[in-house]
Amino acid sequence: MSIAYKPQEIEKKWQEIWEERGLYRSVVDDSKPKFYYLTMLPYPSGDLHIGHWYAMTPSDAQARFYRMQGYNVLFPMGFDAFGLPAENAAIRRGVHPATWTYQNIENMRRQLRSMGAMFDWSREIVTCEPEYYKWNQWFFLKMYEKGLAYRKKAAVDFCPSCNTTLAREQVVGPERVCERCGTPVIKKDLEQWFFRITDYAEELLDFSKLEWPERVKVLQRNWIGRSEGAEVVFKTEQGDELVVFTTRPDTLWGTTFMVMAPEHPLVEKLISPGQREAVEQYVADTRRMEDIVRESAEREKTGIFTGAYAVNPVNQERIPIWVADYVLMTYGTGAIMAVPAHDERDFAFAVKYDLPIRVVIAPPEWDGQPLTEAYSGEGTMINSGELDGTPTPSGIKEVISWLEERGLGKKAVNYRLHDWLISRQRYWGTPIPIIHCPNCGVVPVPEDQLPVELPTDVTFRASGENALTYNEDFLHVKCPLCGADARRETDTMDTFMDSSWYHYRYLSPHYQDGPWDPEEGAYWLPVDQYTGGIEHATMHLLYTRFFTKVLRDLGLVDSDEPMLRLFNQGIILGEPRDGDFVQVTGSWSGDALVAAKIQVLTQAEGSYLDRKSLPPYKIGENGVQGEVWHRDEGGIKVRVLGGDDEEHIVVVNAQEAAVEIGGQPARLADLHMHLEVEKMSKSRGNVVAPDVLVNKYGADTVRAYLMFAFDWQSGGPWNSRGIEGSYRWLNRVWSLVFDDSPVPDGEADPADVRQLRRKTHQTIRKVTLDMKAFAFNTTVAALMELTNLMRKLQVTPVRGSDAWKEAVDNLILLMAPITPHIAEEMWTGIGHEFSVHNQPWPVWDETIAQEETMTLVIQVNGKLRDKIAVSVGIGEEEARALALQSKAVQRHLQGKTVRKVIFAANKLVNVVAK
RNA sequence: GCCGACGUGGCGGAAUUGGUAGACGCGACAGACUUAGGAUCUGUUGCCCGUAAGGGUGUGGAGGUUCGAGUCCUCUCGUCGGCACCA
């Protein structure tokens, strides 16, 4: 073993050589099948996170695998460069968003290169470049022409902290907070731009052309929220039409009142004079109420009678119209028919306001008594005139035809999905290419004037207000139609616009005559494999599907779907750790301890403390001994365990405390607090920095570990010891391949040779199948198994055999996608030609991989009693005889009679006895 | 509340889809080499009883189907994720 494995040297070397030789430049080549492998592009936040590595390096390995299998693989990378953090940095630190962004990109490019991934950098895109966002604007204009982009005044969710509107899916949780900063959103009435994604709602529910995880499809289906029912037209006594949507038209005869959303435009007109003041007060109160309060389901419903009446079209009954906050303007028509007997919410409302409840669906075996709660199950229609007696499922259909015949209503489908709100009141985004002219109104910027560039000389206000709104140069423009002084639209586009089509721009990032070069498109599209996090299930992945359908309808692409196959990787969580064990002395102030001195008795490094070697937990008169459970600027919490594992958390005020670690003075911030398995975050201090790992172990180790240690789909907690295992493995492989000690004398044992060949071919088979199936952890495990066998045979004459060479070559080839640098170094190092990455993927020989002998499992009554080595393909008779001869079997058969013998070929014999 | 996913050693995770549970790795324990080792190498390692041979038990829990269940069915508990007055 003449040379040591020095990943830092060989990785840098090969990355440069691959780059120089253009090894991963992908060009259209009709002689090869194409494979467009796409992994989600990062936001340039500053540093590459271990999560980026976790998402990208297994993807890279799979892309490399396809490449060696003979595909022409495109594996591009870029930066999702517009967005709020850049602007916030500008405000906080006075750096221009562009400067901040490009500095981060520069750094992240370096970090990305350190992965050794096969990214084709000649196709890199940066979405904040005018040559990129010009096409955002172009698409916007095309959509505007087709009526797919429109402007309307709407009550929109607005984040007062980010000072911008949010799309519906950017408002999260029952508290309805801003996804980015956690501030509760407020409602604002603003003129906003929307994309008509609802036009495609039905088509977006069709996943038949997609090989996507069921999870994602379910999330999208829920998000689109399709429900079938009917629209029924009620008339008010004033003669206005009041349309309602219902999924249960069969309960129409049970409508005893109607409810409108407080925001419903007709409310104003309906109010009777006597009720005017009260209703207006109610509407105003509701509108002022925050959504958090209003939309909490537990809250008791409130409402008020408008004084107006409507007529139920099915039975001409006069029913009161109420206004209530439990009806939402944003769903259906903003008005409902209330059927208290068969709807929980209506029931509660009717009880509260003493409104009539009429049963029209008789529950099975109903005794005719008044209901104590709403019955929404199946039953038989009653009190419904000529339709009495119709059972529930068919009743719905029958009522719909009944309504349609009489022109009272029609079958209808409703979606929860809203149009996509794309306006953002922010500077760092794509300007919406629209001009507001006092004479002509809304005027699109002519195509030949694109891009509308973001001005660079802008000043940022601490409030976060859109800098474009007071940038005079940007603002003032002549109307392209009439030449009058006009004003530019200052809203910019949601950044999801950028990521909705970036996979098209990768094809030709600098192409001038269109969003991409159609020739490239004809070859590479659509994306064959997409990988990324599940968190994008309803936003990015729905928008990008919508976008492709729009592009298809514009005649730009042939496919209905952007990405045929999707795989979601999980996330890497923080490593759990015990906190430091400390001895705190000070004085008590109530329940809290005011510390004078905090001594760390041991500093935990990554793993749990050994309790045995520590002093006991203690709460005393002048201090405590225990584990640092939590730490913040003001102090710590110390966890003390009592005799029965009873837990006490002591709050320690450490403002005035002297901190000592190992006898040395230290800062409070140096104390390690207890960490659970939880998301990595700077504040918790459990972030793993890939750069540090690369410096210590090399990229190949990090790649191998990330692929080996987790089920890729699930992710899991980081383990700083675990990565050592992968490093050991690579070192062992290295010393196996570069073993230049003399080969042991003698003849190689043919059985060993056979065993090695068999294992080699089995490994090729396993790795090939598992790589395809995203089972990366078992792929690496298989390679480790082969390594382990080789290490056993390394000290025997087998090392001089052809089987050994075969094993070494194949091991290197199979490792190439996973650990590209060491594989290249070993491949060329044993005299093969550059590059290992241009080699064809090895093929296994099924007959060599075949086992000759196997372990026949012998069971008695289903319990394992013996194992016998037999040759593969042993017949039933023979197996049965062997089983019955087994001493262990005979022992267990004593006093029993054999009833039956089950034989499972190449598996086991089960003797059933009583 | 509704929808979905998941529960396997001290830990991360395997299990050809109904046929040897725990591959591979981490950790732990023992030993070798070493001035030393948190390097490297060898061995052991689900739990319980037993010196051993051997036996019992074991995939969140309870039941069921089957010659045989981590895998299929029913119920149940727990964890996580999504949606949530959606008419």
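Note that the structure is a prediction, hence the values are computed from the model and not measured. Each chain gets a letter, A, B and so on, in the order its sequence line appears, and its residues count up from 1.
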Report the base-pairing partner of [N] (Watson-Crick or G-U wobble, both distances below 3.5 angstrom), or none.
{"N": "B:rC80", "answer": "B:rG4"}
{"N": "B:rA28", "answer": "B:rU44"}
{"N": "B:rA21", "answer": "none"}

[X]: what forms a side chain to side chain contact (heavy atoms under 4.5 Å, CB included) with it, not counting sequence neighbours?
{"X": "A:Arg226", "result": "A:Glu202, A:Leu205, A:Glu228, A:Val413, A:Tyr415"}
{"X": "A:Asn414", "result": "A:Ser227, A:Phe245, A:Tyr331"}
{"X": "A:Ala335", "result": "A:Leu242, A:Val244, A:Met260, A:His264, A:Thr333"}
{"X": "A:Gln850", "result": "none"}

Under a 4.0 Å heavy-atom criterion, the protein footprint on nucleotides 43-60 of chain B, written with B, S and -, is -----------SSSS---
* Which residues within residues 765-783 of chain A lie with some heavy atom under 4.0 Å of an atom in RNA chain B? ->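 Only A:Asn777, A:Thr778, A:Ala781 qualify.
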Please measure how far the C1' atom in B:rC67 lies from the corresponding atom in B:rG18, and state the result in whole Å.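 So the two C1' atoms sit 12 Å from each other.
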- prompt: In a check of side-chain hydrogen bond (donor to acceptor under 3.5 Å, both in side chains) between A:Arg248 and each of A:Thr251, A:Thr246, A:Asp250, which one passes?
  reply: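 With A:Arg248 as partner, A:Thr251, A:Thr246, A:Asp250 yield a single side-chain hydrogen bond (donor to acceptor under 3.5 Å, both in side chains), made by A:Asp250.
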Can you give the donor-acceptor pairs under 3.5 Å from side chains of residues 854-862 of chain A to other protein atoms, not counting sequence neighbours?
from	atom 1	to	atom 2	distance (Å)
A:Asn861	OD1	A:Ala913	N	2.9
A:Asn861	ND2	A:Ala913	O	3.1

Between the protein and nucleotides 1-12 of chain B, are there any N/O to N/O pairs under 3.5 Å, and if so, what are the atom names and distances?
from	atom 1	to	atom 2	distance (Å)
B:rG12	O2'	A:Ala709	O	2.3

When you check the glycosidic angle of B:rU17, does it come out syn, meaning within 90° of 0, or anti?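 The base of B:rU17 is oriented syn (glycosidic angle within 90° of 0).
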request  = With syn defined as a glycosidic angle within 90° of 0 and anti as everything else, classify B:rG9.
outcome  =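 Chi for B:rG9 falls in the syn range.
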Practice problem: Under the side-chain hydrogen bond (donor to acceptor under 3.5 Å, both in side chains) rule, collect the residues that match up with A:Tyr697, sequence neighbours excluded. | Solution: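 Expected list: A:Glu724.
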Worksheet item: Under the ring pair (Phe, Tyr, Trp, His ring centres under 6.0 Å) test, which residues partner A:Phe903, sequence neighbours left out?
Response: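 Testing A:Phe903 for ring pair (Phe, Tyr, Trp, His ring centres under 6.0 Å), a comparison that skips the adjacent residues, returns none.
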Notebook entry, point to check: Judged by atom type as modelled, is there a donor-acceptor pair below 3.5 Å linking the side chain of A:Arg358 to the main-chain atoms of A:Thr256?
Noted result: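 Flag not set: sc A:Arg358 to bb A:Thr256 has no pair under 3.5 Å.
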*Pairing residues for A:Glu678 by the salt bridge (Lys or Arg N to Asp or Glu O under 4.0 Å) criterion, not counting sequence neighbours*: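 So A:Glu678 forms a salt bridge (Lys or Arg N to Asp or Glu O under 4.0 Å) with A:Arg684.
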Expected list for residues 343-352 of chain A: side-chain donor-acceptor pairs under 3.5 angstrom, two or more places apart:
from	atom 1	to	atom 2	distance (Å)
A:Asp343	OD1	A:Arg345	N	2.9
A:Asp343	OD1	A:Arg345	NE	3.2
A:Asp343	OD1	A:Asp346	N	3.0
A:Asp343	OD2	A:Arg345	NH2	2.5
A:Asp346	OD1	A:Tyr326	OH	2.7
A:Asp346	OD2	A:Val339	N	2.9
A:Lys352	NZ	A:Glu300	OE2	3.3
A:Lys352	NZ	A:Lys301	O	2.9

